[in-house]
Amino acid sequence: MALADSLFSCRVLVVGAGGIGCELLKNLVLTGFKNIEVIDLDTIDVSNLNRQFLFQKKHVGKSKAQVAKESVLRFCPSANITAYHDSIMNPDYNMEFFRNFQLVMNALDNRAARNHVNRMCLAADIPLIESGTAGYLGQVTVIKKGQTECYECQPKPTQKTFPGCTIRNTPSEPIHCIVWAKYLFNQLFGEEDADREVSPDTADPEAAWNPADAAARATASDQDGDIKRVSTKEWARSTGYDPVKLFNKLFKDDIMYLLTMDKLWKKRKAPLPLDWTEIQQIESSQEESCGMGLKDQQVLGVQGYTQLFRRSVETLRSQLIEKGEGAELVWDKDDPSAMDFVSAAANLRMNVFSMNMKSRFDVKSMAGNIIPAIATTNAVIAGLIVLEALKILNSDFDQCRTIFLNKQPNPRKKLLVPCALDRPNSNCYVCASKPEVTVKLNVHKTIVQALQDKILKEKFGMVAPDVQIEDGKGTILISSEEGETEANNNKFLSGFGIRNGSRLQADDFLQDYTLLVNVIHSEELEKDVEFEVVGDAPDKAPAPSAPEEGKNIANGNKDSAQPSTSSKAAAEDDDVLIIDSDEEPSSSTMEASPESSNRKRKHHDADDAASKRKRLDQQPSDDDEDIIALD
């Protein structure tokens, strides 16, 4: 009876209403949970319908969270469900918001959001059930402050796959543009795939506009590839694969169409369309090729990539003609013309979205595979999430486990393998009593903007960091208050007296998180490496040590000696560990393997996998925890 009463009265938060989220919401209400809040920024796309069963064709373009709520209430009208069509990283969802719940369940598809929810649950001291899937692999684990590893206790491999709306509308990293370019190759010259569309996503979760109005407002030209909702390949064929028309559609008209989605650019830098004619007028002397040496390692300028795009399209068009009517080409990174096309298209898109362009060598090495989503895997993982939730509500935390779903049975013929939860990593830079890291960089070449964006936000997952130099004067280097320290952005760290041995205190108020950064000055970093985290990606987590109480900053602890003073950042992934025994070893004694966007080991993205322990022979090598491109 006690458990039944808990189900009726407890409030739970479900973060994500996609593949795992749909299954999870169904399981929760049918198990007896009555008070559920669900948040998801995404909207429904046609490609979701094969596995996200709460959605139908008539729902395409609508909020996933809202439609999921309505669908669940049809078969369980007594449930009290609140839906939020928003990002969990919005500052409105602060520590007090999280403290309204007895349990938080992640059904996310990117590492940044996972990192953020992990930190919020640590700060609010609320149990978190983390999950992730990648193809046939899946994983569920429980995170409890002070008792288990947090999501970021162990390093994870770089995210390899990403949400469709990120690829199509709001790329923020070079890899997003490279994946887009690979999709584009298939849409134009290979086998078309509805899940790998490249045109602007009109059902983007963040787009708060009426497509009919946008069409009227769009200033895209009505020639040179006006944006029509037709097959990309069909349109390209109608132009005779004209490089100029293709260029203007992809890098001018589609971008201008994206700009009409006003809400997307309120907190992001808006893309800058490219025009073929204007680029041709650039003096070749203004075009720079960065880097000496091998041709593949040089970074061309916009005009150089424009010409490479033209030549590669003409070559690929000729190859299609030679193969005959209805022929298709297959992308191969070792095919020069295919690689030229992807390199040119990816770099032009990077330029449009204000990213540093990459050499052909870098593009080739970064191109990776995307793991498909499997509905059955999502269903199994969602069921396991609820089982772990019941243990927590029944005060049986000692019975909670990390559970791995493998692609094939282990020697004991088990697909599901439970492992004991690991203790916190005393060196974790998120949940340790005094989070601290050492970063090696060149203080004469690293600017404040790079410290903020590439190190604190991208590497260490902060959302809106405030940084103070421990120089005895409390010099404020970075402020989360808009405009307060903007003048510092393009100045080198050395200009503020930062040198070898300097210490910086970085605070994120939203996450109630403080990180001490020790600076090591080095002029011997490898080429193109801006910084290194000393001791990053350890092979093995150090033995747990007793937390220091009453000393320094304890993240998420209101009684900490130095309260955090700052005010956010980022989001998708699952790590999957593959093991070959069902004896319930500690999850940290096993190796990991991929699966679901910087460090945990077992949760969904197999990201941890690579650096997991030495024990698995069979693991797949895809990261899925953060890479879940799947849902």
[X]: partners by salt bridge (charged side-chain N to carboxylate O under 4.0 Å, His left out), with sequence neighbours left out:
X	answer
D86	none
K454	E530
K26	E23

remark   = Between I476 and Q468 the two heavy atoms that sit nearest each other are CD1-OE1, 4.0 Å
query = For D275 and F247, which heavy atoms make the closest approach, and how far apart are they?
reply = C-CE2, 4.1 Å
task = Report yes or no: does D45 contribute a side-chain atom to a donor-acceptor pair with the main-chain N or O of N48 at less than 3.5 Å?
result =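 Not a single qualifying donor-acceptor pair exists.
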N347 side chain vs S343 backbone, donor-acceptor pair below 3.5 Å =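 Looks like yes, one N/O pair under 3.5 Å.
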ask   = Does F33 have any ring pair (Phe, Tyr, Trp, His ring centres under 6.0 Å) partners at least two apart in sequence or in another chain, and if so, which?
value =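 Applying ring pair (Phe, Tyr, Trp, His ring centres under 6.0 Å) to F33 gives none.
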ask   = Taking only residues two or more places apart in sequence or in another chain, which ones pass ring pair (Phe, Tyr, Trp, His ring centres under 6.0 Å) with F101?
value =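 With sequence neighbours excluded, F101 shows a ring pair (Phe, Tyr, Trp, His ring centres under 6.0 Å) to F97, given in chain and number order.
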query = With a cut-off of under 6.0 Å to the ring centre and 45° to the axis, is R349 in cation-pi contact with W180?
reply = yes
Output all residues satisfying side-chain contact (heavy atoms from CB on, under 4.5 Å) with [X], sequence neighbours left out; order by chain, then residue number.
X	value
A68	A17, L25, L54, F55
P243	R310, V313, E314, R317
K34	F8, C76, S78

request  = Taking atom types as modelled, find out whether D507 and Q505 have a side-chain donor-acceptor pair closer than 3.5 angstrom.
outcome  =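 Side-chain D/A pair, D507 to Q505: present.
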ask   = Does one side chain, of K491 or Q449, offer a donor that lies under 3.5 Å from an acceptor on the other?
value = no
Taking only residues two or more places apart in sequence or in another chain, which ones pass side-chain hydrogen bond (donor to acceptor under 3.5 Å, both in side chains) with [X]?
X	answer
E484	S479
R11	E37
E278	none
N356	none

Electrostatic pair K64:D40 at N-O distance under 4.0 angstrom = no
query = Once the angle between the rings of F251 and F309 is folded into 0 to 90°, is it parallel (under 30°), tilted (30 to 60°) or perpendicular (over 60°)?
reply =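 Answer is perpendicular, since the angle exceeds 60°.
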pair V12-Q102: side-chain heavy atoms closer than 4.5 Å = no
